[in-house]
Amino acid sequence: MRIDNEPKLDYDDVLIRPKRSEAPSRSTIKLERKYRFLNSKTTWSGIPIVASNMDTTGSFEMAAALGPQMMTCIHKHYSNEDLLNFFGSEEHQACAFFTIGIGDGDFAKLREIKEHVPVQYVCVDVANGYTEYFIDRIMRLRQSYPKITIMAGNVATPEMVQELLITGAADIIKVGIGPGSVCTTRMKTGVGYPQLSAIIECADAAHGLKGHVCADGGCRTPGDIVKALAAGADFVMLGGMLAGHDECQAEWIEENGQRVAMKFYGMSSKTAMDKYTGGMKDYRAAEGTDSIILYKGPVSNTLQDICGGVRSACAYVGATSLKDLSKCTTFVRRA
Ligand code: 5GP
């Protein structure tokens, strides 16, 4: 057994130091980023916010609202017919990831859809990205489809980021073990990594190889999103912050015919397992919980709030574009 005594930080442990600068006007601050991906050699440009592939937030409606500038990971519980219709439409191609796990059924599903319509972005999502089997599957996916953009995770440490980029030939590594709003991994298993430090360390490893990272989980406010981007995240994935909106595929709680709240639950919760896998296997514990999110109206309001927060943060530190935010950032630790 070893103890790592280096302090590791979460979003709440830091603030961003304001800096004297010729503050650029907020209206001119550019939030669009342009990336060239390491292994697919494809390029992407847009605002690097991604809706999580949870069954509530990874909906077709969310993709329509976030696109074309922001991305959505479409959840994997849609029927093949619905996925064919969606991915067959050109306007959705560039702003949506096709999500799979690592089972044979997942690969067969992707193959079947790809035979009929082009799928450019694939998100391979597993709770534990530390298994050899996971890397093998990503390698196989790359061999089958050299030009697709692969986002893979989740991991939280740099050696695994490097391995997935080099051996697995993924393009974007999803970072986050345990920070999610409805995640109970830390409580159930004791495993995890404070998210801000995970991003800093993983982004550093990825950028050294010209790869990219997506910070996944734990953002509760626009300020947390700013901190993730300032820490080096190339993309930020959101679940809970996008829940509660009209675009969610959700069970709504209504009063007098009006939406007041929606049910939101982890994809490894008992609720999700009962819904999709016929209940929980007796050898495992649920690593997700249920919550209720108050109704927030259309997602466009929240997106405006997020973009406004990021622009304002850039102005505070003297960054003229999101690209410069990280370079211009000094984090200060709270006492
Ligand atoms: P949030 O933005 O809500 O804080 O976090 C969203 C992320 O939490 C998702 O993208 C996913 O990575 C993670 N997540 C979703 N459901 C579960 C779950 O049941 N268990 C765990 N450990 N993580 C989850």
Side-chain angles (χ1 to χ4, degrees), residues 10-12 48-59 62 66 70-77 97 99-102 123-130 134 151-156 172-196 198-199 202 213-229 233 235-245 248-250 262-277 279-281 284-294 296 299 302-303 306:
D10 257 317
Y11 294 131
D12 279 352
I49 300 288
V50 188
S52 168
N53 54 285
M54 297 169 81
D55 64 347
T56 42
T57 56
S59 67
M62 191 64 80
L66 266 61
M70 300 179 191
M71 302 287 281
T72 296
C73 282
I74 300 298
H75 71 71
K76 61 179 201 176
H77 302 292
F97 281 88
T99 304
I100 55 173
I102 51 173
C123 170
V124 189
D125 184 43
V126 295
N128 173 5
Y130 282 80
F134 179 59
M151 176 152 76
N154 279 21
V155 299
I172 308 162
I173 310 305
K174 210 143 67 78
V175 173
I177 300 280
S181 59
V182 280
C183 163
T184 54
T185 296
R186 292 176 185 177
M187 261 173 288
K188 289 288 173 76
T189 70
V191 175
Y193 210 95
Q195 184 68 349
L196 189 89
I199 298 167
C202 291
V213 295
C214 175
D216 177 19
C219 290
R220 284 159 300 154
T221 59
D224 290 342
I225 297 173
V226 171
K227 289 174 190 176
L229 294 164
F235 292 91
V236 180
M237 178 174 275
L238 305 173
M241 277 187 76
L242 297 183
H245 294 102
C248 291
Q249 199 181 44
M262 69 168 246
K263 293 188 182 168
F264 184 59
Y265 43 84
M267 296 313 292
S268 304
S269 65
K270 184 174 180 308
T271 303
M273 285 192 244
D274 286 348
K275 198 164 170 187
Y276 297 115
T277 58
M280 227 162 62
K281 310 271 187 310
R284 58 179 294 184
E287 287 181 32
T289 185
D290 293 16
S291 77
I292 299 288
I293 306 270
L294 292 181
K296 302 174 192 162
V299 75
T302 297
L303 297 180
I306 292 170

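Values in this document were obtained by computation on a predicted structure and should not be read as measured data. Positions are given from 1 along the sequence. Atoms within each ligand, like the ligands themselves, are counted from 1 in listed order.
Considering D125, T72, D216 as possible partners of N53, the one that fulfils the side-chain hydrogen bond (donor to acceptor under 3.5 Å, both in side chains) test is D125.
Residues passing the side chain to side chain contact (heavy atoms under 4.5 Å, CB included) test with L294 are A261, sequence neighbours excluded.
A distance limit of 4.0 angstrom between heavy atoms and ligand 1 selects the residues S52, M54, N154, G180, S181, C183, T185, D216, G217, G218, M237, L238, G239, G240, G266, M267, S268, S269, E287, G288.
The pair D55-K275 meets the salt-bridge criterion, since a charged nitrogen lies less than 4.0 angstrom from a carboxylate oxygen.
In terms of heavy atoms, M54 sits closest to G266 at CE-CA, 4.2 Å.
Open room surrounds NZ on K263; 12 or fewer heavy atoms of other groups in view lie less than 6.0 Å from it.
Contact annotation: the side chain of P48 never approaches that of M71 to less than 4.5 Å [non-hydrogen atoms, C-beta and beyond].
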